[in-house]
Amino acid sequence: MKALFIVTGRGLGGDAMVALNTIKALEKRDVTCEIGLDASALGTLFEKNGYDWHKISVPHAGGHSATKLSAAKGGIKLLGATFKARSLINKLNVDFVVGVLGGGAIVGSLGAKFARKPGFSLISTPLDSKFCPKFNHCFILPELDKFRWDSLPENMEKSFYPLAPDIEGGDVQVAFSKLKEYPNFDENKKTILFSSGSSIFKGTIDAINLACDLSDRFNLVLVGLPLHDEYMDLIDEEKIIYLGYINWIKDMFKFADLAVLTDDGVSLEEALVYQTPIIALTKVKWGRYQNMAGVFKGAIIESEVEDVCQSIEEAFENYDSLKENALYYGKLCVQAADDLADRILKKVE
């Protein structure tokens, strides 16, 4: 059996990772997977994992930050993109198509429809959630408000973010040995990890700077690359352990006593896999509010940036309860990729 994944974005970040993890789960079930990206995409994540890709057109309307103007510009490009997708589907003679988020989900929906192939969409933005259910079966990811609905239409299901097959491979000793290289690390203190993903948003820096008032009790660790170069001047490296971009984030999640993250999907799930209690900072990324505490109930404390110190105290006061709920959701997240693959194949068959 063969599938085509049509993926939005540049093939670098979260969209590509969602596709890659789903692909790996399907490959375990003997499905050959092809990948279609926009012609301008770099495809770095796929390249590093040994995958080639096909160049098509995948208009991008801005995802959660889409405006009427960006949506209109994306819509103008959609017709040509649909026919390129249909041509690729026919050329590869795939058995089904999976469109991944935003423009990728929409192009995948239309391309599969015109090629008369089964189509599936992984959706999480306002645009793809309005469009894709009209054409094919959809899997709702946690950032979409519909994920919190008690009942859904027949052609929509919920799915946690598919995670990498080796997600449980974190090693406390790896993180410990690397942190000991920093003179301000104290192994007798608890450790709080601050992250907004691969890029550090200013709200995350503001939060860790406020938490510096607690640095006599906690190691404060910041990971990622500043979204703008000038943000580096805002990081107090006397009180903050700044790691930059690291490829051992799994080890840090396992080592950390608490994670202060932004309220969006994959990083939250990765922390939960390691039973790490979470404070989710709201409105840090372009003012968005995702209500992840409403998805992972009892495992996450929501906080405005200015309230982070109070939220840290609350987290440690309720630590056992947060950790117990993190364990529950972590098990579900570990299974998400395999569960998603099985549900897709069941629909195809």
Side-chain angles (χ1 to χ4, degrees), residues 9-18 42 44-45 62-65 143 161 170 174-175 178-179 181-185 190-215 218-272 274 276-290 292 300-309 311-312 315:
R10 297 182 296 163
L12 297 173
D15 299 337
M17 184 61 72
V18 167
L42 301 175
T44 305
L45 183 65
H64 290 278
S65 306
E143 290 183 8
Y161 280 97
V174 170
K178 290 181 180 293
L179 288 171
E181 298 174 5
Y182 292 81
N184 52 345
F185 173 71
K190 293 186 181 297
T191 297
I192 305 176
L193 170 65
F194 286 73
S195 174
S196 49
S198 57
S199 298
I200 304 175
F201 284 69
K202 186 173 182 297
T204 300
I205 298 176
D206 292 340
I208 198 169
N209 282 337
L210 288 170
C212 283
D213 291 341
L214 308 176
S215 61
F218 302 106
N219 295 307
L220 304 177
V221 178
L222 178 65
V223 301
L225 296 176
L227 193 61
H228 301 289
D229 291 341
E230 58 267 27
Y231 288 178
M232 280 297 301
D233 297 333
L234 305 177
I235 301 172
D236 182 355
E237 295 193 53
E238 290 187 9
K239 294 184 177 180
I240 296 168
I241 300 169
Y242 174 56
L243 302 180
Y245 179 83
I246 60 175
N247 60 6
W248 45 281
I249 189 67
K250 293 183 295 184
D251 307 312
M252 270 307 309
F253 278 134
K254 190 159 188 177
F255 181 85
D257 297 283
L258 178 69
V260 180
L261 308 173
T262 48
D263 64 337
D264 46 354
V266 176
S267 292
L268 296 177
E269 289 193 11
E270 290 174 341
L272 292 172
Y274 293 106
T276 309
I278 296 168
I279 293 172
L281 297 176
T282 61
K283 301 175 184 177
V284 168
K285 291 188 175 180
W286 302 289
R288 285 161 26 192
Y289 173 65
Q290 307 286 21
M292 289 295 102
I300 291 177
I301 293 174
E302 284 188 346
S303 177
E304 299 283 340
V305 169
E306 58 267 26
D307 299 326
V308 67
C309 291
S311 297
I312 289 171

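Residues take their numbers from the sequence shown, with the count starting at 1. All values below were derived from every heavy atom in this structure, side-chain atoms included, with hydrogens, water molecules and symmetry-related copies excluded.
- A donor-acceptor distance shorter than 3.5 angstrom exists from the side chain of D263 to the backbone of Q290, with no hydrogens or angles considered.
- Here H228 contributes atom NE2 and I200 contributes atom CD1; the two are 12.5 Å apart, rounded to the nearest 0.5 Å.
- With a 4.5 Å cut-off on side-chain heavy atoms, F255 and T191 count as touching.
- Remark: the backbone N or O of F201 is paired with a side-chain donor or acceptor of S196 at under 3.5 angstrom.
- No more than 12 heavy atoms of other residues, nucleotides or ligands sit less than 6.0 Å from atom OH of Y245.
- Closest of all the heavy-atom pairs between I300 and M292 is CD1-O, 4.0 Å.
- The shortest side-chain heavy-atom distance between I240 and C212 falls under the 4.5 Å cut-off.
- Within the structure, no pair that satisfies the salt bridge (Lys or Arg N to Asp or Glu O under 4.0 Å) test touches residues 239-248, not counting sequence neighbours.
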Verdict with reasoning, V308 to L281, per side-chain contact (heavy atoms from CB on, under 4.5 Å) | CA-CA 8 Å; V308 67; L281 297 176; 4.3 Å; yes
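- When side chains are defined from C-beta on, I192 does not count as touching N219, because their heavy atoms never get closer than 4.5 Å.
- In this structure, the side chains of L222 and I241 stay at 4.5 Å or more apart for every pair of heavy atoms.
- In this structure, T276 contributes its side chain and F253 its backbone to a donor-acceptor pair below 3.5 Å.
- A donor-acceptor pair is defined here as one N or O able to donate and one able to accept, closer than 3.5 Å; no such pair exists between the side chain of D236 and the backbone of N209.
- Counting only heavy atoms from C-beta outward, the side chains of I279 and I312 approach each other to under 4.5 Å.
- Looking at V221 and L243, their side chains come closer than 4.5 Å, going by heavy atoms from C-beta outward.
- When all heavy atoms of A207 and V305 are compared, the pair lying nearest together is N-CG1, 3.8 Å.
- Applying the salt bridge (Lys or Arg N to Asp or Glu O under 4.0 Å) test to residues at least two apart or on different chains, the pairs with a partner in residues 241-259 are D166-K250.
- When all heavy atoms of L193 and A256 are compared, the pair lying nearest together is CB-CB, 4.0 Å.
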So V223 and Y242, side-chain contact (heavy atoms from CB on, under 4.5 Å) or not? Walk me through it.
-> CA-CA 6 Å; V223 301; Y242 174 56; over 6 Å; no
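- Between L268 and I278, some side-chain heavy-atom pair lies under the 4.5 Å cut-off.
- Rounding to the nearest 0.5 Å places CD1 of I249 at 7.0 Å from OG of S267.
- Between S195 and T204, every side-chain heavy-atom pair lies at or beyond the 4.5 Å cut-off.
- Here the CD1-CE distance, from I205 to M232, works out to 8.5 Å after rounding to the nearest 0.5 Å.
- When all heavy atoms of C309 and A211 are compared, the pair lying nearest together is SG-CA, 3.8 Å.
- Using a distance-only test at 3.5 Å, with no hydrogens or angles considered, a donor-acceptor pair links the side chain of S311 to the main chain of D307.
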Show your working on side-chain contact (heavy atoms from CB on, under 4.5 Å) between E306 and D206 and close with a plain yes or no.
-> CA-CA 8 Å; E306 58 267 26; D206 292 340; over 6 Å; no
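- Using a distance-only test at 3.5 Å, with no hydrogens or angles considered, no donor-acceptor pair links the side chain of Y231 to the main chain of L225.
- Of all the heavy atoms in I246 and M252, the pair that sits closest is CD1-CG, 3.9 Å.
- The heavy-atom pair separating F194 from L220 by the smallest distance is CE1-CD2, 4.1 Å.
- Other residues, nucleotides and ligands place more than 12 heavy atoms under 6.0 Å from the CD atom of E230.
- For the 3.5 Å distance criterion, the side chains of Y161 and E270 fail to qualify, holding no donor opposite an acceptor.
- If you take CE on M17 and CG on L45, they are separated by 4.5 Å, rounding to the nearest 0.5 Å.
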